[in-house]
Amino acid sequence: MEIDQLSRGLDTIWVVLTAAMILLMEGGFALLEAGFVRQKNAVSIIMKVFVDIAFGAIVFYAIGFAFMHGKDAGGWIGLSGFFMGGDLTHLTLNISHDTFWLFQCAFVIAVISIVSGAVAERIHFRAYIIYTIIMTGLIYPISGHWIWSSNGWLAKLGMIDFAGSAAIHALGGFAALAAAIFIGPRIGRFGADGKINIVPPSNLPLASVGAFILWFGWFGFNSGSTLSATNESIGHIAVTTMLASAAGCATCILFTMLRYRKADPPMVINGALAGLVGITAGCAFVSDAVAILIGAVSGIAMVLGSEWLEKRKVDDPVGAFAVHGISGSIGTLAVGLFAMPGTAAHSGLFYGGGWNLLGIQALGLITVAIWGFGLTWIALKLIQLFKPVRVSRDEELIGLDVSIHGVPAYSQDHDFLDVEQLRRP
């Protein structure tokens, strides 16, 4: 076997395995969100994750991949690769186009899963399917082209986003914010007198297991973005990923103990995720110490961001915006401050690179935030013309599991059936 064939084979195995790790994160999203919402809506949130995977994969195969990674048209959109056909010779990779598509498909499914948690317990299932098609077919692929296509206009300016703090998490976070504002808070979440009513999670152990699965999958998310099994930075990427997530979690434990006089479990869970989101853009470009700093800042900002949303009566059941929107923004800007010389085309401000990279990162972040928020708002407005975006009051009070899907998450029947009774005519 020639050395180039061996290299291609190793890279293919690496990318397929890390793509599978990212797809496993959907199990993490399902458990995390089912644990955070009320018992009467557990089936509903898991059904949305199935929509993310099923519709997201098909739509991205049909049109999304082409818009994102197809032959560039003016730096704004790709125009080849529909149904994985047409001219894709501009993709100079050491893996096949099919392998590359699989990895990118795992990313697009993660984006829409961010939004599902923010609208949990009150979005209509049919409206969510339509929005999923729009997000995975248009919103994410087009902005992703700007950042990750070699000819995308933000890429040409020099924007750096290794695994997607902006392209995936900030976009998904600001889209989640728009959706949460558009659909409104859950019934009873905020009192007429301004009182904030806490909705206790239905199953924190379940949510914790979901967080651990997401934590595991994130090593595929970040390290897999090398698209090469022989890339020397894989080890460093894994270390910065681990340190940032640990710092986010540890900081939230200490910060909530000081702020609330007790370690707040949902905040601690989201603190680990905030650290992971924050390091995603710069995992290959920052030092270990900076990774810890990014994770710690992201964890604290997530807590404060969650409180800020509550004060403004924005109901985000799983903290999607605070985790992904705020931490993704921090991670994107951190690259402009801390990118080390020799790791990227431009160094960060604190390494003598000047203000140039930070300005580009800020421009890219603002663009993606406006795009995600604005296009989501427009999409939901258009859907509202044909289908109700929010379920009825009765459906919401009964719970979406029974009212929309016709089955509860947990059976209330006896554990054993009477066989003799079943045999009687």
Side-chain angles (χ1 to χ4, degrees), residues 15-37 41-61 64-65 68 99 101-121 123 125 128-129 131-137 139-141 144 163-164 167-169 171-173 175-176 179 201-203 205-225 241 245 269-270 272-274 276-277 280 317-320 323-324 328 400-401 405 409:
V15 174
V16 170
L17 287 177
T18 52
M21 289 173 66
I22 301 170
L23 288 169
L24 180 62
M25 292 172 69
E26 292 307 301
F29 275 116
L31 295 176
L32 177 80
E33 294 174 359
F36 272 169
V37 302
N41 294 307
V43 169
S44 170
I45 199 69
I46 290 173
M47 285 296 292
K48 291 179 180 64
V49 175
F50 277 112
V51 168
D52 299 341
I53 298 172
F55 286 86
I58 293 171
V59 173
F60 191 68
Y61 177 79
F65 183 81
M68 187 168 181
T99 305
W101 175 86
L102 181 67
F103 190 82
Q104 295 301 320
C105 176
F107 272 10
V108 73
I109 292 170
V111 174
I112 185 61
S113 295
I114 295 170
V115 182
S116 69
V119 293
E121 303 198 278
I123 193 170
F125 190 62
Y128 184 76
I129 293 175
Y131 175 74
T132 297
I133 293 170
I134 297 171
M135 171 59 92
T136 57
I139 300 176
Y140 166 72
I168 294 175
H169 297 286
L171 175 78
S202 63
N203 195 324
L206 199 70
S208 301
V209 173
F212 290 135
I213 293 174
L214 288 169
W215 203 331
F216 168 79
W218 227 287
F219 289 99
F221 208 99
N222 288 355
S223 299
S225 293
T241 299
S245 54
I269 290 171
N270 278 343
L273 301 181
L276 289 164
V277 171
T280 298
V318 304
V323 171
H324 299 276
L400 275 58
D401 290 2
H405 301 289

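Numbering of residues begins at 1 and proceeds along the displayed sequence.
A 6.0 Å sphere centred on CZ of Phe212 holds no more than 12 heavy atoms belonging to other residues, nucleotides or ligands.
Here the closest heavy-atom approach between residue Leu214 and residue Met25 is recorded as CD2-O, 3.3 Å. A pairwise comparison of heavy atoms in Leu273 and Val323 identifies CB-CG1, 3.8 Å as the closest pair. Residues Gly220 and Thr18 share a closest heavy-atom pair of O-CB, 3.8 Å. The shortest heavy-atom contact between Ser44 and Leu400 is OG-CD2, 3.5 Å. Between Trp215 and Ala272, the shortest heavy-atom contact is CZ3-CB, 3.8 Å. When all heavy atoms of Phe216 and Met21 are compared, the pair lying nearest together is O-CE, 3.4 Å.
Side-chain atoms of Val209 and Ile213, non-hydrogen and from C-beta on, do get closer than 4.5 Å to each other. Here the side chains of Val15 and Leu102 are not in contact, with every heavy-atom distance at 4.5 Å or above. Proximity of Ser202 to Phe36: side-chain heavy atoms (C-beta onward) are nowhere separated by under 4.5 Å. Counting heavy atoms from C-beta on, the side chains of Glu26 and Phe50 never come closer than 4.5 Å. Put simply, the side chain of Pro201 does not reach to within 4.5 Å of the side chain of Val37, judged on heavy atoms. Residues Lys48 and Thr132 fail the side-chain proximity criterion, which asks for heavy atoms closer than 4.5 Å.
Checking side-chain atoms of Asn270 against main-chain N and O of Val318 turns up a donor-acceptor pair under 3.5 Å. No donor-acceptor pair under 3.5 Å is formed between the side chain of Thr136 and the backbone N or O of Val108.
One distance of note links OH of Tyr128 with OG of Ser116; it measures 4.0 Å at 0.5 Å rounding. Separating the OG1 atom in Thr99 from the CD atom in Gln104 is a distance of 12.0 Å, to the nearest 0.5 Å. The CD1 atom of Ile45 sits 12.0 Å away from the CG atom of Leu31 when rounded to the nearest 0.5 Å. For the atom pair CZ of Phe65 and CZ of Phe60, the computed distance is 6.5 Å after rounding to the nearest 0.5 Å. Annotation: the span from Met135 atom CE to Ile112 atom CD1 amounts to 5.0 Å, rounded to 0.5 Å. Atom CD1 of Ile22 sits about 10.0 Å away from atom CD1 of Ile109, to the nearest 0.5 Å.
Only one option out of Asp52, Ile53, Val51 pairs with Phe55 in a side chain to side chain contact (heavy atoms under 4.5 Å, CB included); it is Val51.
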Take Ile139 and Tyr131 through the side-chain contact (heavy atoms from CB on, under 4.5 Å) test and state the conclusion after the steps.
CA-CA 10 Å; Ile139 300 176; Tyr131 175 74; 4.3 Å; yes
Report the C-alpha distance between Leu32 and Leu206 in whole Å, list the side-chain angles of each, state the deciding distance to 0.1 Å, and finish with yes or no for side-chain contact (heavy atoms from CB on, under 4.5 Å).
CA-CA 6 Å; Leu32 177 80; Leu206 199 70; over 6 Å; no
side-chain contact (heavy atoms from CB on, under 4.5 Å) evaluation trace for Glu33 with Val49
CA-CA 10 Å; Glu33 294 174 359; Val49 175; 4.3 Å; yes
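With sequence neighbours left out, the ring-ring contact (aromatic ring centres under 6.0 Å, His included) criterion links Phe221 to Phe107, His169, Trp218.
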